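Working notes for the structure below.
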Amino acid sequence: MSEVRVRFPPSPTGYLHIGGARTALLNWLYAKKTGGKLILRIEDTDEERSTSASIDGILDGLSWLGLDWDEGPYFQSSFADDHCRAAQKLIETGHAYKCFCSKEELEAKRDAAMAAKQDVKYDGTCRNLSGEEIAAREKAGIPAVIRFKVEKKDGVVGYDDRVLGRIERRYDDIEDFVIVRSNGKPLYLLCNVVDDIRDRISHVIRGQDHMTNTTRQVLLYEALGAPVPVFAHMPLTLDLQKRKISKRSHGEIVAVQFYRERGFIPWALCNFLVLLGWNPGDDREIFSREELIEAFSLERIGKTNSIFNYRKDDPKFFTDPKAIAINAHYLRTLPIVEIGALVKKHFQTQGLWHDDYDGPRREWFLATLELIRDRFHTINDFAEAGRAYFADDYALDPQPLAKNVLKHPELREWLPGLAERFAALKLFDKEHTETATRGMAEELAIKPGILINAMRTVLTGQLAGPGLFDVLVALGREKVVARLRDIDRLFGGI
RNA sequence: GUCCCCAUCGUCUAGUCAGGUCCAGGACACCGGCCUUUCACGCCGGCAACACCGGUUCAAAUCCGGUUGGGGACGCCA
């Protein structure tokens with residue numbers, strides 16, 4: 001068995017979206033699994049829509065996801081000569097011909113056929129022009145495209161799909177498709193095959209939306225005298241209305257970049273994406289890289305399209321709930337130093353980072369992340385719901401403020417009083433702060449919960465959080481005392 | 001209209017190739033309970049699906065046929 005070589009060939013016409021990321025991921029996994037190579041090739045032959053910003057975005061997205069490649073990025077546009085030579089060869093060997101039908105004519109015919117609910121295949125007008133007829137048209141300066149000449153014969157062309165099984169299509173059902181534009185630029189169908197041959201691609205893993213391309217491309221491989229690679233068509237990812245997910249209709253929610261901005265852990269996103277249309281055959285759903293590579297196989301890719309369960313404007317879930325759940329799982333189970341590294345990056349962009357956190361305060365920093373991470377869903381939560389641990393400009397959630405603080409005006413006395421007790425404590429630790437708090441509640445003949453819940457809200461801005469006395473220790477005496485003394489500011493507005 | 005693919009809980013899916021161990025298993029979400037000064041985590045429990053109709057068989061989610069439904073493709077886009 002020769003070397004496995006797979007490729008990811010994005011067209012740089014937008015950002016990397018999760019469908020593309022999923023394709024890249026599966027190719028990457030197969031390469032890793034087999035010890036093969038992943039080739040990255042930018043398919044930029046549509047010069048009008050290709051942008052360099054898009055190329056950067058795709059490369060950034062892949063890097064962020066941790067999907068590395070072994071060769072490339074190659075640029076399809078730099079192999080234009082190969083593509084043209086292949087087209088020329090196809091004409092010379094009788095596998096292709098020039099077609100002088102105008103775009104307008106063809107469009108008119110196609111529209112008419114569609115309207116009449118007829119088949120819309122090319123009618124073969126130029127298929128059998130004589131040498132003289134061709135010469136005459138060329139002399140007259142009529143622009144021509146090059147079409148592939150599909151053999152007129154009974155039978156089928158087919159391939160053995162590693163996911164779907166044997167796929168066949170009758171020659172009769174395949175029209176003479178265009179492989180070179182009238183401006184001389186070869187089209188995707190041809191370029192893609194020529195590049196895959198040159199790059200010695202052994203397995204083509206791509207979406208089911210390419211299935212009709214594949215049968216035509218098999219014809220090209222054969223005409224070009226090249227071995228046909230193994231194909232594996234993966235199911236598509238659809239939205240709740242069962243439409244293909246796309247930037248145009250779904251916006252940022254399908255962009256890898258969006259998940260990066262919202263505080264996703266890169267591998268968590270990969271883990272979620274691989275489960276859309278693949279499973280290991282047992283009940284596992286969480287995989288380390290190594291585990292996933294070990295478990296992966298093309299045969300376990302499903303045949304059924306899956307739905308990306310995202311509801312626009314859902315107040316509770318900003319994306320597919322399962323994606324969030326997987327991310328949250330990683331957030332609370334990854335080694336805390338890994339979380340620390342991710343939080344550091346985010347804090348740096350938020351102006352919350354202090355170099356101390358990598359130095360003398362490192363232990364405190366990591367312990368605090370450990371304390372609060374259990375109820376967070378994304379890395380961004382550390383700077384939002386967790387802000388009070390790292391800065392003084394944290395927001396107070398109005399709901400708990402009303403419920404836990406403003407409801408008890410006596411807290412204007414109690415909390416500063418408690419602050420003084422804390423200030424006087426020999427040791428500011430869990431045990432002593434708890435004793436002081438409960439002691440005061442007893443003296444006041446109130447439930448300790450009143451003081452505890454009030455403190456949680458005042459000190460963290462939140463309704464809920466870790467055990468309060470852990471919070472006190474994490475914040476440290478200085479901040480706790482200052483925030484409790486300053487209680488009046490909260491009542492100022494009433 | 002033509003061609004191709006697909007069809008199990010709301011969603012992701014196991015089971016289908018080698019029919020019985022499946023009155024269908026897991027996960028997410030949802031609902032209830034335990035734990036807890038709060039919330040979350042964790043644990044326990046619940047709700048919830050074999051698209052339909054025929055056929056084959058002692059036996060069908062599983063095999064066969066049809067119907068319906070969904071998706072994809074039908075560009076001088078990739």
Side-chain angles (χ1 to χ4, degrees), chain A residues 9-13 43-46 48-50 76 99 101-103 106-107 110 113-122 143-147 161 163-165 167-170 172-175 177-183 185-189 191-192 207-215 233 235-236 238 240 242-244 272 275-286 302-310 316-317 320-326 328 332 372-377 400 404 437-438 441 447-453 455-457 462-469:
Chain A
S11 62
T13 55
E43 307 228 315
D44 55 350
T45 50
D46 184 356
E48 288 182 10
R49 294 197 298 158
S50 298
Q76 188 161 64
C99 168
C101 297
S102 75
K103 218 180 213 173
L106 293 170
E107 276 170 13
R110 194 158 43 228
M114 279 283 197
K117 296 203 179 282
Q118 303 278 301
D119 200 357
V120 293
K121 291 202 296 282
Y122 174 63
V145 299
I146 298 176
R147 285 181 184 275
D161 193 286
V163 172
L164 300 169
I167 302 295
E168 293 179 337
R169 203 172 159 203
R170 293 156 40 80
D172 272 356
D173 292 325
I174 307 174
E175 71 169 348
F177 52 93
V178 176
I179 54 177
V180 180
R181 296 178 172 94
S182 56
N183 67 6
K185 305 260 190 190
L187 257 3
Y188 164 79
L189 232 29
C191 299
N192 191 247
Q208 285 182 11
D209 51 345
H210 280 285
M211 266 192 290
T212 53
N213 286 335
T214 300
T215 41
H233 289 100
L236 270 18
L238 312 174
L240 282 163
K242 301 204 171 171
R243 308 301 309 179
K244 244 170 84 171
F272 167 72
L275 258 17
L276 249 30
W278 176 87
N279 72 80
D282 54 42
D283 286 343
R284 286 178 298 164
E285 292 199 319
I286 300 293
K303 300 179 180 183
T304 320
N305 294 162
S306 53
I307 292 172
F308 180 62
N309 190 15
Y310 150 69
K316 198 165 175 192
F317 304 105
D320 189 314
K322 188 142 187 167
I324 295 174
I326 290 173
R332 60 176 178 265
I372 60 181
R373 68 166 162 174
D374 262 7
R375 57 218 90 205
F376 289 169
H377 294 123
N404 292 336
T437 302
R438 291 189 186 280
K447 285 191 284 187
I450 292 179
L451 294 176
I452 290 170
N453 290 328
M455 279 196 281
R456 175 174 296 107
T457 300
Q462 303 286 309
L463 174 64
L468 193 263
F469 303 103

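The structure presented is a predicted model; accordingly, all values stated were derived computationally and were not measured. Throughout, a chain's letter reflects where its sequence line sits, starting with A, and its residues are numbered from 1.
With C1' as the reference atom, B/rC39 and B/rA49 are 34 Å apart, rounded to whole Å. Only the C1' atoms considered, B/rC74 is 36 Å distant from B/rC9, to the nearest whole Å. The same atom, C1', is picked in B/rG10 and in B/rA48; the two are 8 Å apart, to the nearest Å. Atom P of B/rU16 sits at a distance of 16 Å from the matching atom of B/rG25, rounded to the whole Å.
Contact annotation: A/R110 reaches the phosphate of B/rG75 (side-chain N/O to OP1 or OP2, under 4.0 Å). Put simply, A/R332 has no side-chain N or O that comes within less than 4.0 Å of OP1 or OP2 on B/rA40. Remark: A/R284 is not in phosphate contact with B/rC12, judged by side-chain N or O atoms under 4.0 Å from OP1 or OP2. Contact annotation: A/K244 side-chain N/O to B/rA73 OP1/OP2 distance is under 4.0 Å. Of the side-chain N and O atoms in A/R169, none sit less than 4.0 angstrom from OP1 or OP2 of B/rU2. Between B/rA78 and A/T45, a contact under 4.0 Å exists linking OP1 or OP2 to a side-chain N or O. In this structure, A/N279 reaches the B/rA14 phosphate: one of its side-chain N or O atoms is under 4.0 Å from OP1 or OP2.
The nearest whole Å value for the distance from the CZ atom in A/R456 to the P atom in B/rA40 is 12 Å.
At a cut-off of 3.5 angstrom, counting only N and O atoms as typed in the model, there is a donor on one side and an acceptor on the other between the side-chain of A/N213 and the base of B/rA78. Between the side chain of A/S182 and the base of B/rC76, a donor-acceptor pair under 3.5 Å is found. Contact of A/E107 with B/rG75 (side chain to base): no donor-acceptor pair of N or O atoms is detected under 3.5 Å.
Using a 4.0 Å heavy-atom criterion, one finds that A/E285 contacts the bases of the nucleic acid, with or without backbone contacts as well.
The partner of B/rA51, taking Watson-Crick or G-U wobble pairs whose two distances both stay under 3.5 Å, is B/rU67.
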